[in-house]
2 protein chains.
Amino acid sequence: MTTRSTTRSAQPRVPLSRERVLQVTLGLADQVGLDSLSMRRLGQELGVEAMALYHHFASRDEIVDGLVDLVFAEVDLPLGEGDWKVEMRRRAISLRDVLLRHRWAIGLMESRRNPGAAGLRHHDAVIGSLRAGGFDIVMAAHAYSVLDSYIYGFALTKMNLPFEASEEVADVAQDMLEAFPVNEYPHLVEMIGHALKPGYDFGDEFAFGLDLILDGLGRIRAIE
Amino acid sequence: MTTRSTTRSAQPRVPLSRERVLQVTLGLADQVGLDSLSMRRLGQELGVEAMALYHHFASRDEIVDGLVDLVFAEVDLPLGEGDWKVEMRRRAISLRDVLLRHRWAIGLMESRRNPGAAGLRHHDAVIGSLRAGGFDIVMAAHAYSVLDSYIYGFALTKMNLPFEASEEVADVAQDMLEAFPVNEYPHLVEMIGHALKPGYDFGDEFAFGLDLILDGLGRIRAIE
DNA sequence: TGCCGTGACTGTACGGTGTAAAGTTCGGAG
DNA sequence: CTCCGAACTTTACACCGTACAGTCACGGCA
């Protein structure tokens, strides 16, 4: 019974690898979130005990580092030679999409002390596109700061919205307000009414703010 | 020995209250962060066993709800009668300051399913100020979305910066880049050089983006 | 062919987490 | 004096990351 070696043909036992672990972890994180992703659960998903992972990664945190870089790699890089506004817009929308696809990553992308190659390449490409577009280094820093604050903030806000579909909105809004007299928060009530209208989708707000910022940057760059 | 009742004069034993718990928790969260704030640790700080807290709060999450509302209460509300741009600017800076004072709260402020009175009052005041400033409800939704995405995103980015003071920046940047050939990320290197210059403080970037957005909003409102 | 090191993985254990459930203590009302 | 209910404690459970030691199969070498 204990000698499984003679019948090893059943399971060829492909060994783990950093790549395979990260790929599976990424999928699992998207499904259950990063908090619910324990080493034991992850090992189970890979057909292995939890401690086996420590032969390929020093800690759970090192796995997260790898995950973040995989996410960065999904973002469309801006091209240096194109129109900076077009490139920045494309990159912003791509980054937002990626963040909404991997909601657990928001708040980790900028914080990792050990950035991976994809993250570094991303930063370099964004700054390079701005510089090629005529921004000096001071203005490029300003522009990068506004844009990324906005993109990450939007993703953060949208991620944390306590509802998803329109029908849920109504329920949550109802719960939120039913305990209070309507007159106490008249403007909030008006806004909720607006958000409940059939055509409204909070996700559409992104383009408005993005274009407002890009236009502002264009104007300031022109003056300077 | 077991009858401590006869010598009860030593410790008058002030009972807990939601207010006292929240106040102490707020201070503790600012010191050690929200993750390190366990029920046991919190009880210890209050001179009580962890389970005693469950007589005043249904769960750890309910404590966090209360905490978030305390944070909202610290934010300066915009006045309905003032110039909307001045009011929005004041409120934005106040919110940023509050978020940097309570870094653990970023990402929780917009997500709570059970908003408190201070949070509702805050939302109502912001929308009210915009409406009084001439924004219709559609534009007010746009404006609120851009502004808060930017403010929360900025706080998130600044919170997560893997360094604090200028000297640390140099070390971290060194670590980040030393493994790579300098030529591979020339623009990133230039930007780090810019950020290392004595006068530079990332916190100053906030005003640039804020004014850019406020000006953009003013322009669009005027056209409309 | 036998041996033995090495790398991949497992088993067990420790101190931590949130919280369910039951037990203790005690001031005040009847 | 009794008894109730509120405030608090004790104990327990299932889970977490990970330190540490053990097991097992395979490749190179005698």
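In what follows, every chain begins at residue 1, and chains take the letters A, B, ... in the order their sequences are listed.
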Before you tell me yes or no, could you show the steps for A:Leu99 and A:Leu156 under side-chain contact (heavy atoms from CB on, under 4.5 Å), namely the whole-Å CA-CA distance, both residues' side-chain angles and the distance that decides it to 0.1 Å?
CA-CA 9 Å; A:Leu99 288 176; A:Leu156 180 72; over 6 Å; no
Nearest of D:dT18, C:dT19, D:dA7 to any side-chain atom of A:Arg60?
D:dT18
Measure CD/A:Gln44 against P/D:dC15 and give the value in whole Å, please.
11 Å
Looking only at D:dT18, C:dC9, C:dA21, the nucleotide nearest the A:Ser59 side chain is D:dT18
d(NE2, A:His55; C1', C:dA8) in whole Å
6 Å
For residues 33-43 of chain A, which residues have at least one heavy atom under 4.0 Å from DNA chain D?
A:Leu37, A:Ser38, A:Met39, A:Arg40
Do the side-chain N or O atoms of A:His56 get closer than 4.0 angstrom to the phosphate oxygens (OP1, OP2) of C:dC9?
yes
Between C1' of D:dA21 and CD of A:Glu49, the distance in whole Å
15 Å
Indicate yes or no: does A:Arg103 engage A:Asp30 in a salt bridge with an N to O separation below 4.0 Å.
no
Between the two ends of the helix from C:dT1-D:dA30 to C:dG30-D:dC1, what is the bend in degrees, rounded to 10 degrees, where each end axis spans five pairs?
30°
Working for ring-ring contact (aromatic ring centres under 6.0 Å, His included), residues A:Phe154 and A:Phe202:
CA-CA 10 Å; A:Phe154 184 87; A:Phe202 178 70; 5.2 Å; yes
Please step through salt bridge (charged side-chain N to carboxylate O under 4.0 Å, His left out) for the pair B:Arg18 and B:Glu62, ending with a clear verdict.
CA-CA 11 Å; B:Arg18 288 180 72 96; B:Glu62 195 176 292; 3.1 Å; yes
Less than 4.0 Å between a side-chain N and a carboxylate O, is that true for A:Glu184 and B:Arg121?
no
Whole angstrom is fine here: how far is it from CG in B:Leu53 over to P in C:dT17?
13 Å
Atom CE of B:Met51 and atom P of D:dA7 are separated, to the nearest Å, by 15 Å
Using a strict 4.0 Å threshold on nitrogen-to-oxygen distance, state whether B:Arg131 and A:Glu190 make a salt bridge.
yes
How close or far is atom P of C:dT19 from atom CD of B:Glu62, stated in whole angstroms?
11 Å
Is B:Arg91 salt-bridged to B:Asp76, cutoff N-O under 4.0 Å?
no
Pair B:His123 + B:Phe72: ring centers closer than 6.0 Å:
yes
Taking the side chain of B:Val48 as heavy atoms from C-beta outward, which of D:dT9, C:dT10, C:dT19 is closest to it?
D:dT9
Rounded to whole Å, how long is the line connecting atom CG of A:Leu46 with atom P of C:dT10?
11 Å
Could you check how far OH of B:Tyr54 sits from C1' of D:dT11, rounded to whole Å?
15 Å
Assess, by modelled atom type and distance only, whether the side chains of A:Glu49 and A:Tyr54 contain a donor and an acceptor separated by less than 3.5 Å.
no
